[in-house]
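The analysis underlying the following values was restricted to heavy atoms, covering all of them including side chains, and did not include hydrogens, waters or symmetry mates.
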Amino acid sequence: MALIIATGFVVDDAIVVLENIQRHIEQGRPRLEAALLGAREVGFTVISMSLSLVAVFLPILLMGGLVGRLFQEFAVTLSLAILISLVLSLTTTPMMCARLLKPEPHGAARKRPNLLFRLLEGAFDRTHRAYERTLDAALRHRRLVLLSLFATIGLNVYLYVIVPKGFFPEQDTGQMMGGIQADQRISFQSMEQKLRQATAIVQADPAVDNVVGFTGGRGTNSANVFVSLKPRSERPPISEVMNRLRPKLAQVAGARLFLFPRQDLRMGGRQSFAQYQYTLQGDTAEELYAAAPQLLAALQKNPIFADVTSDQQEGGLESRLVIDRATAFRYGITPDKIDNTLYDAFGQRQVSTIYNPLNQYHVVMEIAPRYLQSPETLKMIYVSTSGGKARGSATTNAVAGTVAANGTANTNGTGAAATTDTTATDPSSTAAAIASDSARNAASNAIAASKGGASSSAPVSSAKETMIPLSAFARLETGNAPVQVSHQGLFVATTISFNLASGKSLSDATAAIDEAMASLRLPATIHGEFAGAAKNYQASASRQPLLILAAILAVYTILGILYESFVHPITILSTLPSAGIGALLALLVSGTEFTVIALIAVFLLIGIVKKNAIMMIDFALDAERTRGASPRDAIFEACLLRFRPIMMTTLAALLGAAPLILAGGEGSELRRPLGIAIVGGLIVSQILTLYTTPVVYLYLDRLRHRVLSRRRGSGAAPLPAAE
């Protein structure tokens, strides 16, 4: 992005030098003399333009936080490019002009046979004459022009207040991400069906190329989904695809799929199913669980928001096994025996290891999957009163000379089985190896002692066991329990995630949330703050006016040092309000938010538009010093003489920013506000500053002379000036 912008900046200095040398050549001077004289005349002008432009990037280099780190490379790249172009324009450009430019009289371009040259030169001459007439009228009505300058300053403030603001532009990267949030009591098997149903709806959309989803991890009732779209030429914008999918996905009963565009820059925040987050924190879970649903309901009714969801889930289903200890004691059953039995059935206990010449296989005990569908399975569980290893033979049922593979065996009434994760033995094993493995398997296939004690079950038991049904001394109770409990710092927290509705900005959302929090009158122990991108936006928005002011002060300081004056830098900086109006109007007309990228464009405009004033003022000051011209005649001549390089440098900057607007690749939305703001600011400032700068120069020059006369009368030291 910095290299694209630099193409319009680095040529400015060379344009000013080249145009001035060409003007002297057209006046009849030899090429070498014209090159030396032209470079000497505009040398200070070029240095002022470049150094003041580099000063604009100082606030960006000093900008803190993540945004500052992102744009440090941008500022350094542009600064170095501008400094290198400054050196080349004062050395290489005059040398090449002295060698390559052809001597020709003024107006020779209109006589060339090339039709394009004649048309361009004729259009410029007509524009120049029109500017001369209108400039003379502006200088005769100075108060009206000065009033328009004050109006632009007030309009800047108004436009900055009403322009929609955001953090970073929403990109169309061709990818969406999100997740499914289902009923808190849903089972894993039902969640799998909901995931397949939702992904099938997304896959059926003609703009979708591929869908990937998985469930598990954070909770049983959630799933993650990743969507890849077709190329931009084969589909509508990603916002239209999301709006088209929302009503279809809302038809999935018991689950909701939330999607948002994947962004190249995603900053912080909790993992969620939407792009922005707002976190509520409370001293106690009870107060927080009562307050969060109120805010959630308020945001869901607000048309500014879309896909509003919360990670607060306290309605999960819980099954509690209540043991009648007196009855269990009469049967001779202790809690440790009950625990071992339940772990055999549901804990995936490793009960043995099967060895063969090339590998080893763990034997895991679990109940059959069909018994995991309902808590009623607990009524089928039996507990052995022995509590130790099963009595009798503890070997497998394998035929002598073979190794058991993929075998199962049930205990008395428990429904538990031992399974191995292999399906075949090594076909290259010999009979002796098989016999050896069988003996080793038989010796090691006893139930391993784990989880606090020995198992009450075994793969095979040949002795009679006393088995007591679990339901004889225990009962099952159901209730609610939180699916997850989130914390932020030392406080229990609930995060509300949301996307923005079409045509709404992040500034609208933050204002709506603050208004909702104030209207709900939540307890003093409940406090909220934005998280992730929304939090970074708030920090960035609060610093934007200070950063702009710092850039203006940096430019004023550099210009004050160069001109040795307090007055002339103010004349140069008077060009900035018109650039601000152009940038803000362009953003409003195009429906683009004022983001961090647009703020960078404002910094660039501060450095660009002042070049027009610098070229005018330098020539006017020189005319007053060397030829004794009046301020009015000097600035009038300067405006007409510098009209061509002003137009050339402005067009170069416009053409350098145009690719940012016209680019249509995936993710180009991130750079587009930069081009829109630069083009809009240059167009408006070009029209206004050609008239306001001469008027401001005359008024400030008159003010400076009045102050000087008063100081001379009082004997005080005069103000420093460039004259």
Side-chain angles (χ1 to χ4, degrees), residues 66 167 177-188 191 194-195 213-226 254-260 262-263 266-300 302 305-319 479-500 506 509-510 512-514 516-517 520 522-539:
L66 185 58
F167 189 42
M177 57 189 300
I180 299 178
Q181 192 172 52
D183 185 86
Q184 300 176 32
R185 303 185 178 189
I186 195 171
S187 65
F188 180 83
M191 186 63 200
K194 300 296 183 183
L195 175 61
F214 61 89
T215 185
R218 290 191 299 166
T220 307
N221 68 324
S222 63
N224 294 286
V225 177
F226 301 90
R256 180 73 183 276
L257 173 58
F258 300 95
L259 294 172
F260 60 93
R262 189 191 68 82
Q263 303 294 297
R266 180 172 171 85
M267 300 184 180
R270 297 177 181 270
Q271 183 178 0
S272 64
F273 297 149
Q275 195 167 354
Y276 305 104
Q277 298 88 36
Y278 185 82
T279 300
L280 284 176
Q281 295 175 279
D283 293 347
T284 63
E286 292 75 13
E287 291 181 338
L288 180 66
Y289 290 164
Q294 300 180 39
L295 180 60
L296 180 67
L299 299 186
Q300 287 175 338
N302 196 314
F305 303 94
D307 304 329
V308 183
T309 182
S310 169
D311 66 352
Q312 177 176 311
Q313 303 183 63
E314 74 278 11
L317 188 62
E318 179 185 52
S319 296
N480 294 330
V483 177
Q484 64 179 17
V485 179
S486 301
H487 287 79
Q488 182 164 307
L490 300 177
F491 298 95
V492 60
T494 294
T495 298
I496 297 176
S497 306
F498 60 91
N499 292 324
L500 299 177
L506 188 55
T510 55
I513 291 178
D514 292 339
M517 288 289 292
L520 289 175
L522 299 177
T525 56
I526 303 297
H527 54 279
E529 63 177 5
F530 289 93
K535 183 176 182 179
N536 283 280
Y537 157 75
Q538 277 198 321

For Lys194, is the NZ atom crowded, meaning more than 12 foreign heavy atoms sit under 6.0 Å from it? yes

For a quick test of reading the model, state the closest non-hydrogen atom pair linking [X] to [Y] and the distance between them.
X: Phe188; Y: Thr215; value: CE1-CG2, 3.7 Å
X: Val308; Y: Leu296; value: CG1-CD1, 3.4 Å
X: Ala493; Y: Thr279; value: CB-CG2, 3.9 Å

[Y] and [X], any side-chain heavy atoms less than 4.5 Å apart:
X: Phe491; Y: Leu288; value: no
X: Ile180; Y: Met191; value: yes
X: Phe530; Y: Gln277; value: no
X: Gln281; Y: Glu529; value: yes

Test side-chain contact (heavy atoms from CB on, under 4.5 Å) on Val225 and Leu195; report intermediate values, then the result. CA-CA 9 Å; Val225 177; Leu195 175 61; 4.0 Å; yes

Dump the intermediate steps for side-chain contact (heavy atoms from CB on, under 4.5 Å) on Phe498 and Ile513, then the final yes or no. CA-CA 11 Å; Phe498 60 91; Ile513 291 178; 3.7 Å; yes

Can you tell me how far [atom2] of [Y] sits from [atom1] of [X], rounded to the nearest 0.5 angstrom?
X: Leu259; Y: Asn499; atom1: CG; atom2: CG; value: 9.0 Å
X: Gln300; Y: Leu295; atom1: CD; atom2: CG; value: 10.0 Å
X: Gln263; Y: Phe167; atom1: CD; atom2: CZ; value: 11.5 Å
X: Phe260; Y: Asp307; atom1: CZ; atom2: CG; value: 10.0 Å

Can you sort out the partners of [X] under side chain to side chain contact (heavy atoms under 4.5 Å, CB included), two or more places apart, ordered by chain and number?
X: Ala292; result: Leu280, Gln312, Thr494
X: Gln181; result: Phe258, Phe273, Thr309, Gln313
X: Ala291; result: Leu522, Ile526

With side-chain contact (heavy atoms from CB on, under 4.5 Å) as the test, would you mind laying out the steps for Tyr537 and Thr510 before giving the verdict? CA-CA 10 Å; Tyr537 157 75; Thr510 55; 3.9 Å; yes

Expected output: side-chain Gln294 to main-chain Ala290 donor-acceptor under 3.5 Å: yes

Main chain of Gly179, side chain of Asn224: is a donor-acceptor contact present, judged purely on distance under 3.5 Å? no

